[in-house]
Amino acid sequence: MLVFAIITAVLGMFQFGYNTGVINAPQKIIEEFISEMYRERTGEYITEDFKRFLWSVTVSIFAIGGMIGGISGGTVANQFGRKGGLVVNNIMGILGGVLMGLSKTSNSIEMLIFGRLFIGINCGLNTALVPMYLSEISPLTLRGRLGTLNQLALTVGLFLSQVFGIQFFLGTSTGWPYLLGIAVIPAILQLCLLPLCPESPRYLLISKQQESHAREALQRLRSSSQIEDDIEEMKAEERAHQHEVEITMWQLIRNKSHHLPLLIGIVMQLSQQFSGISAVFYYSTNLFTEAGLSDTTSRYVTIGVGFVMVAMTLVSIPLMDHAGRRTLQIYGLGGMFIFSIFITISLLVKFLYTWVTYISVVSTLSFVVFFAIGPGSIPWMITAELFSQGPRPAAISITVLVNWFANFVVGLVFPMMLHGFGSYTFLPFTALLAIFWTFTYKMVPETKNKTFEDIDALFRRKDMSNINGMNIPRKSIQSGEFIFEDKAVESCKIILNIPRKSIQSGEFIFEEKTVESCPLHHRSQCQLEELSHKNKFVEVAPNHLEDRL
């Protein structure tokens, strides 16, 4: 059932990948359709500027729909559930596919544009709901691998759109409506299969307070009645956030405790789109032509880019839970940085030697390889891991909106960059990759094999220090080295502004001493010590403040 639910869910990411790449191959044929319809309606020939404008609207409205769907993801997930939201979303997918498929028969440019808008909304919701659903149904030890299937389904969809779009298949004047109308197939298939899948147990238990339904769903997903560990892990998260309700995006943005994980989620999404990979997907044929390849060869190499994406995503699946998210992201961004430099060099010196053309191809394919290893899949899954149940839908909505907006910006700006920068087009992406690598190295935590509560605790500890069982804000700690010592409360020198009533009699408290005099200095584990004036044991905090700071 787990495998079945995963395959069914990732059909949504397949839809996203397919519709991202499908519009590029038949560009000239669709432009001819636009010109013909304009001439039939007005009796005049369309100007090149207006035709270019209509084409850009047809392409970019997909990303605008994606932004609408992405920002709606949290609301839909809370209102209908994770699985329920995916079911409702397929109505948009079917509507969009039908409009695009019938646009030529109906001689309607408007149907084509609105079809692209609706399928964009569908894909935007999918990019929010599918990673959320997968992260919540996956076992802890498999969460990384299963999250990678988002990117695998996306790359398979992208690859098939490139294959179907070649000239001797559906990339013809009669075949392009079918090429676009194929979008109804994954939507109908998912609509039929989703009712057989269980809802997210985490959503049922924490958000809906339906423990019996959550147990039933979990037993189906694990094919076992031994689910107490999973239930206890969910309850631990629920207890930790029992006063936390589902919050809106605006409330999330205003909540200072969520600023750091939200910043990480946003930057990770930006690292995916502003890495330059969208430019490779949208304009790789043009890049290869600029490097000196023929038009026909460039098209086939572009299909090779899609194949490499699929192959390397498969390779990254076992690595995700073995090497970890942060490690793969660092290696991926680093490799992309290096090969973006090689792409620039090959474009600059292509006229010197014929073999430089092949360096351009190898560099581009290597660029794609490193993208597939980390930045391709990790941003989709890590936001769902960084947030607890309450703010998770809102956080995913915000980060998915950022991803789609960045996608829109790259698609809009890159042709101008190509015209203005020429052979130096990839240098801005090189600079951004260096920034993203530095941010990842310094700020992104490792989430491999950690529960949602463990991950949330990582951010809580950045602002709080646990002193004698009390969470003390770091900014309230004065300079100096503090250690713990057994003393009576009456003789305690209160170094921090801690209310005297909050210190219980017989507890360890702290006073200023030299580090050398501390018998517990640098002791990494908790230990039990017997109090001199009471016949009982207490737990000593594991780390000293000088170590924490």
Side-chain angles (χ1 to χ4, degrees), residues 1-13 15-16 68-94 121-139 143 146-147 149-150 186-222 227 230-231 233-235 237-238 241-242 244-249 252 380-381 383-385 387-400 452:
M1 178 52 69
L2 179 64
V3 173
F4 179 79
I6 290 166
I7 293 173
T8 301
V10 298
L11 284 171
M13 295 303 284
Q15 183 83 289
F16 173 39
I68 295 171
I71 203 171
S72 306
T75 303
V76 172
N78 290 333
Q79 184 69 31
F80 299 101
R82 284 41 165 169
K83 183 192 81 170
L86 288 170
V87 171
V88 173
N89 186 33
N90 283 300
I91 298 171
M92 282 289 185
I94 294 170
I121 295 172
N122 170 265
C123 291
L125 279 166
N126 278 328
T127 54
L129 296 173
V130 174
M132 197 187 310
Y133 180 67
L134 288 189
S135 69
E136 292 185 7
I137 68 171
S138 302
R143 198 169 64 217
L146 299 184
L149 295 179
N150 287 317
I188 292 174
L189 189 59
Q190 192 180 54
L191 188 63
C192 295
L193 296 179
L194 275 171
L196 304 176
C197 301
E199 179 58 90
S200 160
R202 192 173 295 272
Y203 169 76
L204 293 172
L205 179 65
I206 300 178
S207 298
K208 306 300 288 184
Q209 300 294 312
Q210 298 175 357
E211 183 173 341
S212 61
H213 290 105
R215 287 180 175 275
E216 181 183 344
L218 201 55
Q219 287 172 357
R220 293 179 65 197
L221 287 166
R222 302 293 184 263
I227 58 169
D230 293 277
I231 292 291
E233 189 259 317
M234 294 179 198
K235 286 184 175 181
E237 181 183 352
E238 182 185 21
H241 304 279
Q242 57 186 341
E244 182 180 71
V245 296
E246 292 166 347
I247 62 178
T248 64
M249 287 182 286
L252 178 66
W380 295 118
M381 73 173 75
T383 305
E385 294 182 327
F387 289 89
S388 56
Q389 191 75 11
R392 186 178 297 137
I396 289 180
S397 291
I398 292 172
T399 55
V400 167
F452 292 109

For this session: State the CG-CZ distance between Leu194 and Arg82, to the nearest 0.5 angstrom.
Result: 14.5 Å
Seminar exercise, completed: So CD1 of Ile396 and CZ of Phe387: to nearest 0.5 Å the spacing works out to 9.0 Å
Problem set entry | Residues Glu233 and Arg202 bridged, charged N to O under 4.0 Å | yes
Exercise. Taking all atoms of both residues into account, what is the closest heavy-atom pair of Tyr133 and Cys197, and its distance?
Worked result: OH-CB, 3.8 Å
For this session: Enter the distance from Met92:CE to Asn126:CG here, rounded to the nearest 0.5 Å.
Result: 12.0 Å
For this session: Quick one: closest heavy-atom pair of Cys123 and Gln15, and the distance?
Result: SG-O, 3.7 Å
For this session: State whether the side chain of Ser135 and the backbone N or O of Met132 hold a donor-acceptor pair below 3.5 Å, judged by distance alone.
Result: yes
Exercise. Which distance, rounded to the nearest 0.5 Å, do you find between the CE of Met13 and the CG of Leu129?
Worked result: 11.0 Å
Exercise. For the atom pair CG (Asn78) and NZ (Lys208), what is the distance rounded to the nearest 0.5 Å?
Worked result: 9.0 Å
Seminar exercise, completed: For Gly73 and Ser397 the tightest heavy-atom approach is C-OG, 3.5 Å
For this session: Verify, without hydrogens or angle tests, whether Asn89 (side chain) and Asn122 (backbone) share a donor-acceptor contact under 3.5 angstrom.
Result: yes
For this session: Examine distances only and state if a side-chain atom of Glu199 and a backbone atom of Lys83 form a donor-acceptor pair shorter than 3.5 Å.
Result: yes
Problem set entry | Within 6.0 angstrom of Ile6 CD1, more than 12 heavy atoms from elsewhere | yes
Exercise. Nearest heavy-atom pair of Leu134 and Asn150: which atoms, and what distance?
Worked result: CD1-OD1, 3.3 Å
Exercise. Quick one: CD1 on Ile231 to CZ on Arg215, what's the gap to the nearest 0.5 Å?
Worked result: 4.5 Å
Seminar exercise, completed: Nearest heavy-atom approach of Gly70 to Val400 is CA-CG1, 3.5 Å
Seminar exercise, completed: Of all heavy-atom pairs linking Gln190 and Gly12, the shortest is NE2-N, 3.5 Å
For this session: Could you check Pro131, Ser200, Pro201 and say which one makes a side chain to side chain contact (heavy atoms under 4.5 Å, CB included) with Glu136?
Result: Ser200
Exercise. Is there side-chain contact between Glu216 and Leu204, with at least one heavy-atom pair below 4.5 Å?
Worked result: no
Exercise. Ignoring hydrogens and geometry, is there a side-chain-to-backbone donor-acceptor pair from Glu211 to Leu205 under 3.5 Å?
Worked result: no
Problem set entry | Residues forming a side-chain contact (heavy atoms from CB on, under 4.5 Å) with Leu191, sequence neighbours excluded | Val87, Asn90, Ile94
